[in-house]
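Only a predicted model underlies this, so the values are computations on that prediction, with no experimental measurement involved.
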Amino acid sequence: MKRTNRTARVLLGLAAAATALTGLAAPTASAATPQVTAGCYGSSCADKDPVDMACSTDAYTVDSASSALGTVELRYSPSCKANWARIYDASYGQVFWVESQNDFVQWHAQGATGYSDMIDGSGPARACIPSYTCTVWH
């Protein structure tokens, strides 16, 4: 059977109608998620709060170390190029810190959890709790 132009147009019309009815139309663009701008970068983040500076939005845990005193994590934010320490499973007031070869920030847990202010993340850093239970230098 030979198809004519009219038959081809009818088939194309039916295919378009079926696509519209089944919701298989091409996807539409959705609104982009607004990006948060960090409030500091590198050395300008020293001694600043990672939440207040929006550095915690893209942060991740680089490493962690545990002892009977709690678990300490070394946190890093690529957008801020900064490190800080976070502790959990700790006692209220537990001391912990983050350090690099050029900086040191000590903090006290405000309950079972807590996090320190930041240090410049351009060099190796580690997070520690007393008895020098520390993450590896990263």
Side-chain angles (χ1 to χ4, degrees):
M1 178 172 138
K2 183 178 176 186
R3 291 190 182 156
T4 64
N5 284 343
R6 182 172 187 271
T7 305
R9 283 192 306 252
V10 170
L11 290 175
L12 285 174
L14 289 173
T19 299
L21 289 174
T22 60
L24 296 176
T28 58
S30 60
T33 304
Q35 194 166 10
V36 177
T37 303
C40 62
Y41 186 79
S43 61
S44 72
C45 293
D47 300 318
K48 292 192 172 84
D49 185 304
V51 175
D52 291 348
M53 294 290 109
C55 297
S56 61
T57 57
D58 70 339
Y60 60 91
T61 299
V62 177
D63 197 2
S64 64
S66 297
S67 78
L69 301 174
T71 298
V72 67
E73 297 175 331
L74 177 64
R75 303 280 292 161
Y76 178 74
S77 166
S79 64
C80 293
K81 197 173 184 182
N83 290 104
W84 64 94
R86 181 168 70 181
I87 193 168
Y88 59 93
D89 294 336
S91 299
Y92 181 86
Q94 177 61 58
V95 173
F96 63 103
W97 65 91
V98 61
E99 63 185 4
S100 68
Q101 294 177 353
N102 301 319
D103 205 356
F104 173 87
V105 175
Q106 181 174 308
W107 217 253
H108 300 272
Q110 301 298 309
T113 63
Y115 62 92
S116 71
D117 281 348
M118 297 181 283
I119 62 172
D120 183 356
S122 59
R126 69 179 182 173
C128 303
I129 49 182
S131 302
Y132 282 91
T133 299
C134 300
T135 64
V136 176
W137 287 96
H138 291 277

request  = I would like to know whether Ser79 and Asp58 meet side chain to side chain donor-acceptor pair (under 3.5 Å); could you show each step before the answer?
outcome  = CA-CA 7 Å; Ser79 64; Asp58 70 339; 3.1 Å; yes
message = For a quick test of reading the model, state the closest non-hydrogen atom pair linking Trp137 to Gln101 and the distance between them.
response =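 For Trp137 and Gln101, the tightest heavy-atom pair comes out as CZ3-N, 4.4 Å.
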task = Please name the pair of heavy atoms, one in Ala90 and one in Ala109, separated by the smallest distance, quoted to 0.1 Å.
result =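 Nearest heavy atoms, Ala90 then Ala109: CB-CB, 4.4 Å.
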Side-chain contact test, heavy atoms from C-beta onward, threshold under 4.5 Å: evaluate it for [X] versus [Y] and give yes or no.
X: Val62; Y: Thr135; answer: no
X: Cys55; Y: Lys48; answer: no
X: Glu99; Y: Arg126; answer: yes
X: Ile129; Y: Val95; answer: no
X: Leu69; Y: Thr133; answer: no
X: Trp107; Y: Asp117; answer: yes
X: Cys128; Y: Phe96; answer: no
X: Tyr115; Y: Pro50; answer: yes

Say whether [X] and [Y] are linked into one hydrophobic cluster, either directly or through other cluster members, by side-chain heavy-atom distances under 4.5 angstrom.
X: Ile87; Y: Val105; result: yes
X: Met118; Y: Val98; result: no
X: Met53; Y: Trp84; result: yes

Backbone of [Y] reached by a side-chain donor or acceptor of [X] within 3.5 Å:
X: Asn83; Y: Arg75; result: yes
X: Gln110; Y: His108; result: yes
X: Thr61; Y: Asp63; result: no
X: Ser100; Y: Asn102; result: yes
X: Asp103; Y: Ile119; result: no

message = Does the plane of the ring in Trp97 sit parallel, tilted or perpendicular to the ring in Phe104? Use 30° and 60° as the thresholds.
response = tilted
message = Quick check on side-chain contact (heavy atoms from CB on, under 4.5 Å): which of Ser56, Ser44, Cys45 does Cys80 satisfy it with?
response = Cys45
query = How many angstroms lie between atom OH of Tyr60 and atom CG of Leu74, to the nearest 0.5 angstrom?
reply =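 Reported value, rounded in 0.5 Å steps: 9.0 Å.
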request  = State which residues pass salt bridge (charged side-chain N to carboxylate O under 4.0 Å, His left out) with Arg86; sequence neighbours excluded, sorted by chain then number.
outcome  =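 Arg86 satisfies salt bridge (charged side-chain N to carboxylate O under 4.0 Å, His left out) with Glu73 once adjacent residues are dropped.
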